[in-house]
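Counting from 1, the numbers follow the sequence of the chain as shown.
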Amino acid sequence: ADKVKNITSLKGSGLFDLDHKFSKESQNNINKYGNWIVSNITIYRTPVMKILEKFIDIISLNEYSKAKGSDTLFHLYLILELTNPKNHTEIIKLVYEKNEQPNISTKLPKETNETEQYTYKVRKILTLNKLIENQINKYGSERYHIYNSLSTNCQRFVIDMFDKIG
């Protein structure tokens with residue numbers, strides 16, 4: 001479990017390497033809730049804001065609209081329900097998602113009437129630290145920490161997490 005606390009900043013030897021680290025807020029939540037037990041995981045699928053799509057279209061000179069056609073761009077994220085192992089009545093919900101880096105926050109996103117969700121009951125004992133550690137150990141720190149819109153995006157992040165917990 002202490003491995004997650006030590007994975008706050010990894011850096012390679014290349015000229016253009018990016019730090020593989022958590023934001024201050026995410027690291028604080030890992031430190032505070034890392035040993036709490038993950039009891040439920042809810043997957044959320046929500047459309048990306050229209051203004052963001054418009055911005056992407058402008059900077060891509062309308063190539064984005066041509067490529068996507070009538071499809072809607074979605075963001076996937078998870079809400080983890082954690083239980084305090086010392087007091088089973090104490091429960092916290094954290095958002096666990098991949099944006100420009102992994103985000104672990106107590107600030108839950110607002111749902112819209114277009115948001116879809118599915119809840120998965122975790123059937124084995126799994127802490128937040130172990131969940132993160134499993135993903136990093138199986139797929140590597142770069143895949144976990146670095147965002148790429150085509151390969152290491154929010155969808156890949158969610159798939160990797162569920163692949164590791166079964």
Side-chain angles (χ1 to χ4, degrees), residues 1-5 7-8 20-53 56 68 70-166:
D2 289 334
K3 288 183 182 182
V4 175
K5 291 180 183 175
I7 304 179
T8 58
H20 298 188
K21 61 182 178 180
F22 293 101
S23 69
K24 185 176 181 179
E25 178 189 15
S26 293
Q27 188 60 57
N28 287 340
N29 285 321
I30 292 168
N31 292 344
K32 187 172 183 177
Y33 302 112
N35 291 320
W36 286 40
I37 298 166
V38 180
S39 52
N40 288 311
I41 301 171
T42 304
I43 306 167
Y44 286 82
R45 179 178 179 248
T46 191
V48 171
M49 294 182 301
K50 296 293 181 200
I51 188 117
L52 178 59
E53 284 194 291
I56 294 169
K68 84 170 189 90
S70 61
D71 286 344
T72 302
L73 185 62
F74 287 93
H75 176 62
L76 291 182
Y77 62 95
L78 303 163
I79 300 294
L80 306 178
E81 185 175 294
L82 305 175
T83 304
N84 184 340
K86 296 176 182 170
N87 175 2
H88 294 285
T89 61
E90 190 176 1
I91 295 171
I92 184 84
K93 289 185 178 183
L94 297 176
V95 64
Y96 184 56
E97 66 184 335
K98 178 87 168 259
N99 293 321
E100 69 280 359
Q101 67 188 73
N103 178 42
I104 303 165
S105 175
T106 57
K107 298 172 193 136
L108 304 181
K110 292 182 181 174
E111 294 180 41
T112 70
N113 58 353
E114 296 176 301
T115 301
E116 300 171 17
Q117 67 183 57
Y118 173 79
T119 300
Y120 172 81
K121 174 78 175 140
V122 179
R123 298 194 186 333
K124 57 185 173 182
I125 296 186
L126 179 70
T127 65
L128 177 61
N129 280 337
K130 195 66 177 166
L131 178 87
I132 296 166
E133 185 182 319
N134 286 348
Q135 267 185 279
I136 293 172
N137 286 344
K138 181 165 184 180
Y139 299 108
S141 183
E142 184 169 331
R143 180 162 156 175
Y144 181 84
H145 285 279
I146 305 300
Y147 182 86
N148 178 302
S149 62
L150 299 176
S151 59
T152 55
N153 53 33
C154 59
Q155 289 87 0
R156 177 85 267 152
F157 188 77
V158 169
I159 291 166
D160 287 352
M161 194 274 312
F162 274 103
D163 180 49
K164 200 55 200 139
I165 66 168

Can you tell me if K124 uses its side chain to pair, donor with acceptor, with the backbone of I165 under 3.5 Å? yes

Name all pairs fulfilling the salt bridge (Lys or Arg N to Asp or Glu O under 4.0 Å) condition that reach into residues 140-157, sequence neighbours left out, sorted by first residue then second. R143-D160, R156-D160

To the closest 0.5 Å, what do you measure between OH (Y144) and CG (N137)? 11.5 Å

Once you round to the nearest 0.5 Å, how far does OG1 of T152 lie from CG of N148? 4.5 Å

From the list N103, T106, L108, I79, side-chain contact (heavy atoms from CB on, under 4.5 Å) partner of L94 resolves to T106

Test of understanding: with ring-ring contact (aromatic ring centres under 6.0 Å, His included), list the residues that count as partners of Y139, not counting sequence neighbours. none

If we ignore hydrogens and angles and just use 3.5 Å, is the side chain of S39 paired with the main-chain N or O of E81 as donor and acceptor? yes

Closest non-hydrogen atom pair between Y44 and T115, with its separation: CD2-CG2, 3.6 Å

Can you list the steps and then say if T42 with K93 is a side-chain contact (heavy atoms from CB on, under 4.5 Å)? CA-CA 10 Å; T42 304; K93 289 185 178 183; over 6 Å; no

Here the pair of heavy atoms bringing P47 nearest to T112 is CD-OG1, 4.5 Å

Backbone N/O of Q155 and side chain of K98: donor-acceptor pair under 3.5 Å: no

Look at the side chain of N29 and the backbone N and O of I104, then say whether any donor-acceptor pair between them is shorter than 3.5 Å. yes

Shortest non-hydrogen separation from Q135 to F157 and the atoms involved: NE2-O, 3.4 Å

Rounded to the nearest 0.5 Å, what's the gap from CD1 on I132 to CD1 on I30? Could you check? 4.0 Å

Non-hydrogen side-chain atoms of F162 and I43 separated by less than 4.5 Å: yes

Is there any salt bridge (Lys or Arg N to Asp or Glu O under 4.0 Å) pair reaching into residues 24-47, and which pairs are they, with sequence neighbours excluded? E25-K107, R45-E116

CG on N129 to CG on N31, rounded to 0.5 Å: 8.5 Å

Give me the atom names and distance for the closest heavy-atom approach of S26 to P102. OG-O, 3.7 Å

Can you tell me how the ring of F22 sits relative to the ring of H145, calling it parallel under 30°, perpendicular over 60° and tilted otherwise? perpendicular

If you look at every heavy atom in T89 and N87, which pair is closest and at what distance? OG1-OD1, 2.6 Å

Gap separating the CD atom of E133 from the CG atom of L126, nearest 0.5 angstrom: 10.5 Å

Please round to the nearest 0.5 Å and tell me the distance separating atom CG of N84 and atom OH of Y33. 9.5 Å

Looking at every heavy atom in both Y96 and L131, which two are closest together, and how far apart are they? CE2-CD2, 3.7 Å

Residue pair W36 / T83, side-chain heavy-atom distance below 4.5 Å: no

Can you say whether the rings of Y77 and H75 are parallel (under 30°), tilted (30 to 60°) or perpendicular (over 60°)? parallel

